[in-house]
Amino acid sequence: MNAAAAGTPPTGRRRFGSFLELVGRAVDEGVDGAGMPGAIGPAFRTVLAEDDWLQPEFARPDPDRYQQYLLYCDARRRFSIVSFVWGPGQSTPVHDHGVWGMVGVLRGSEISENFELRDGALVKTSEDALTPGQIISFTPERGDIHRVRNAYADRTSVSIHIYGGDIGSIERSVFGADGVCKPFISGYASSRLPNFWGAA
Ligand code: FE
């Protein structure tokens with residue numbers, strides 16, 4: 001057993017593996033982004049409440065930039081799950097997604113500032129401050145432009161993001177303050193995938 005696996009009981013990781021199967025079944029059944037919070041939200045909250053499954057290498061901050069570790073991608077790329085690790089004060093640019101998404105906090109706190117494009121200008125419409133166990137969701141149809149940041153200036157926060165596609169390879173947009181958008185592909189920081197079913 002390696003050092004990373006030693007810190008995470010297999011039972012917790014297998015429980016997260018069961019959650020992945022639940023999300024896959026919802027996608028198989030044709031649940032859309034608007035229906036996902038009802039279909040998988042309660043189980044997602046349980047996953048966030050039981051913080052014993054994320055292997056330390058997928059919760060490691062980087063001093064220069066927030067990290068996006070791919071935890072799972074459906075073989076048909078219909079959904080992916082990513083751990084976001086925020087060093088103190090780190091934030092994303094304003095961006096969209098092009099697919100549905102759900103975001104929940106595992107550790108610390110994260111703030112999502114939500115925007116709309118009105119007559120070509122970026123307008124902030126609301127803000128969500130999330131603490132462990134809290135979830136937000138979005139769809140392109142209802143608006144999916146936001147900027148996310150660590151609520152803390154002095155510690156790491158970790159959140160779990162679920163997307164209706166292989167988010168790291170999707171061509172989407174980042175927005176400047178003037179509303180001008182630029183193409184953006186986020187990629188992933190992971191060099192390997194975690195194992196949620198086996199012993200290591
Ligand atoms: Fe986002």
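Values below: every heavy atom of this structure, side chains too, minus hydrogens, waters and symmetry copies. Whatever order the structure lists them in is the order used to number ligands and atoms, beginning at 1.
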Besides Val180, the hydrophobic cluster formed by Ile, Leu, Val, Met, Phe, Trp and Tyr side chains linked at under 4.5 Å, directly or via other members, contains none
Separation between CD of Glu141 and CG of Asp32, rounded to the nearest 0.5 Å:
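CG of Asp32 is found 8.0 Å from CD of Glu141.
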Output for pair (Thr125 OG1, Phe115 CZ), nearest 0.5 Å, gives 8.0 Å
**Prompt:** Parallel, tilted or perpendicular for Phe138 and Tyr163, by the 30°/60° rule?
**Reply:** tilted
Within a strict 2.8 Å cut-off of the Fe ion (ligand 1), protein N/O/S atoms tallied 3
- Please list, chain by chain and in numerical order, all residues satisfying salt bridge (charged side-chain N to carboxylate O under 4.0 Å, His left out) with Arg142, sequence neighbours excluded.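 Listed in chain order: nothing, the list is empty.
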Donor-acceptor contacts under 3.5 Å from residues 19-28 side chains, at least two apart:
from  : atom 1 : to     : atom 2 : distance (Å)
Glu21 : OE2    : Trp197 : NE1    : 3.1
Asp28 : OD1    : Arg78  : NH1    : 2.9
Asp28 : OD1    : Arg78  : NH2    : 3.0

